[in-house]
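What follows is a short report on a single structure.
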Amino acid sequence: MAKAWGGRFQEATDARVEKFTESISFDARLADCDITGSQAHARMLAKVGLITDAERDQIVSELEVIRGEIARGEMPFRTELEDIHMHIESRLTQRLGDVGRKLHTGRSRNDQVSTDIKLYVRGAIEHVDELLLELQRAFVDRAVRDVEIVLPGYTHLQRAMPVLASHYWLAYAEKFDRDRQRLADCLKRVNISPLGAAALAGTSLPIDRHETAKLLGFADVARNSIDVSSDRDYLAEFVFALSLVSAHLSTWAEEWIIWFTTEFGFLKLPDKFTTGSSIMPQKRNPDVLELIRGKSARVMADVSQILILLKGLPMAYNRDLQEDKLAMFDAYDTVVACLELAPAVVIGAELRVDRINEKLDDGFLDATALMEYLIKRGVPMRTGHETVGKLVALADSRNCRLSDLPLPDLKEVCAVIEADVSSVLGTRNAVAVLQSYGSGGQAPVAEQIAYWQQKVSLAE
Ligand code: ARG
């Protein structure tokens with residue numbers, strides 16, 4: 001089969017080179033975007049008079065036929081045809097002859113492939129955004145459901161201060177919201193049309209790049225043809241945004257894996273989301289969570305792959321760039337696979353409230369509330385800190401809780417303490433007094449829940 005670029009070559013390409021240089025095995029999934037881009041290009045060519053309206057109609061409708069054939073798996077892929085662009089164009093030419101040979105007027109595969117990728121990433125961002133919204137909804141639903149449950153809050157994985165369970169769930173809603181914002185921001189750079197930059201320098205033909213941009217729904221046209229032929233910043237950004245999604249998923253998974261241990265015993269996971277051991281009959285393993293944690297490594301590696309791919313490239317297009325798609329597809333597929341499962345796990349899990357409550361008063365979760373009680377009575381913060389430190393040591397030595405210390409003992413360490421101290425002692429009381437904006441107490445959490453309920457339902 002004659003190559004699109006065969007003119008100056010005297011011998012056929014070595015079969016090993018064809019196998020080595022092909023990208024059809026992974027860029028076939030750009031077919032839809034490629035056809036949409038080519039149809040817009042053909043419409044523009046007709047508008048500026050480079051092809052006739054009749055030729056445009058032939059091209060546009062034949063491309064539609066090819067779209068269907070590819071979707072139904074009726075187009076055989078062949079390494080000699082390198083990539084999806086050549087497959088589609090050669091099929092078009094096979095059917096339309098010289099009319100098909102006009103499609104590539106005023107463009108190159110360099111701007112074409114970037115256009116395809118941008119169209120693809122635009123859809124991918126939309127899809128990931130929807131999945132992230134679903135996950136946020138799952139956490140918001142849980143926040144409503146678990147609003148009565150108090151959990152120990154940790155720093156350094158040591159018991160620190162108590163919060164409502166809902167506070168935890170909404171913390172995840174926040175993280176995934178920043179992920180959505182990052183994707184939306186990335187979309188601004190994605191949504192600039194490269195088409196018509198041609199190989200690198202543009203063209204002497206009277207093409208109308210603004211027209212193709214408009215037809216393809218791009219917000220603007222890239223100003224500099226040499227820049228845009230080499231630009232893959234948008235892919236690095238997209239994959240980085242995905243890597244933060246997976247970092248968030250991974251920390252959530254890790255937390256729940258810990259909570260699911262016998263040692264913690266905070267969490268019940270539904271049987272359908274756990275797996276057994278082939279030798280130990282008692283085992284129930286959180287494999288889904290472990291794989292969400294594990295797969296995040298791939299997405300993070302994909303960011304490195306793209307950056308390393310880009311770092312040594314002189315302008316403009318270099319064939320290295322063909323490898324960009326592998327990292328992007330891998331990151332996208334991996335994140336989508338995780339996000340498709342995550343909401344069901346979030347909704348399906350149960351907090352083991354009895355187990356949590358049993359130990360809720362362990363670990364002096366009310367120490368900070370006691371210190372703030374002293375501050376409210378005029379004790380300087382540092383003094384209060386030291387005082388409560390002493391009381392914690394005292395309780396620790398008696399193997400009891402702060403609330404078990406008799407009032408005279410408390411007063412002996414600090415005279416301002418009165419009987420009303422009982423209103424801040426104990427984990428539940430310590431959570432009830434949290435009142436600052438964004439904190440984990442009842443009123444601030446109720447405010448957050450109201451915010452999120454509105455936000456996720458408005459997003460319908
Ligand atoms: N398959 C190529 C890629 O994905 C398309 C662009 C080829 N351009 C070229 N000058 N050989 O990057």
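Predicted model, so just to flag it, every value in this text is computed and none were measured. Atoms within a ligand are numbered from 1 in the order they appear, just like the ligands themselves.
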Subject >> Protein heavy atom at shortest distance from atom 12 (O) of ligand 1 >> reply: Y317 OH, 2.4 Å

**OP:** May I ask you to identify the nearest protein heavy atom to atom 11 (N) of ligand 1, giving residue, atom name and distance to one decimal place in Å?
**Re:** R109 NH2, 3.7 Å

**OP:** State plainly whether the residues K325 and D27 are in salt-bridge range, i.e. N to O under 4.0 Å.
**Re:**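 Salt bridge: no.
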
Subject >> Under-4.0 Å salt bridge between R109 and D83 >> reply: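 Result for this pair is yes, salt bridge flagged.
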
Original post:
K455 and D177: salt bridge (Lys or Arg N to Asp or Glu O under 4.0 Å), yes or no, with the steps?
Top reply: CA-CA 10 Å; K455 190 165 156 112; D177 209 56; 3.3 Å; yes

What atoms of ligand 1 come closer than 4.0 angstrom to any heavy atom of [X]?
X: D83; value: 1 (N), 2 (C), 5 (C)
X: Q322; value: 1 (N), 2 (C), 3 (C), 4 (O), 12 (O)
X: K325; value: 3 (C), 4 (O), 12 (O)
X: S23; value: 1 (N)

Subject >> Short N or O distance, E82 and ligand 1, threshold 3.5 Å exclusive >> reply: no

**OP:** Return a yes/no value for N110: is any of its N or O atoms, backbone included, closer than 3.5 angstrom to an N or O of ligand 1?
**Re:** yes

Original post:
Which pair of non-hydrogen atoms, one from K188 and one from D185, has the smallest distance, and what is that distance?
Top reply: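 It is NZ-OD1, 2.8 Å.
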
Subject >> Check against salt bridge (Lys or Arg N to Asp or Glu O under 4.0 Å), R319 and E82 >> reply: CA-CA 12 Å; R319 192 62 179 271; E82 274 186 52; 3.3 Å; yes

**OP:** Start with the C-alpha gap between H85 and D116, add the side-chain angles, then the distance that decides, and say whether side chain to side chain donor-acceptor pair (under 3.5 Å) holds.
**Re:** CA-CA 9 Å; H85 324 292; D116 291 6; 3.3 Å; yes

Subject >> Pair S114, Y234: side-chain N/O donor-acceptor within cut-off below 3.5 Å >> reply: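 A pair is found: one side chain offers a donor N or O, the other an acceptor, under 3.5 Å apart.
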
Original post:
Hey, is D324 touching ligand 1 through its side chain, its backbone, both or neither, going by heavy atoms under 4.0 Å?
Top reply: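 Neither part.
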
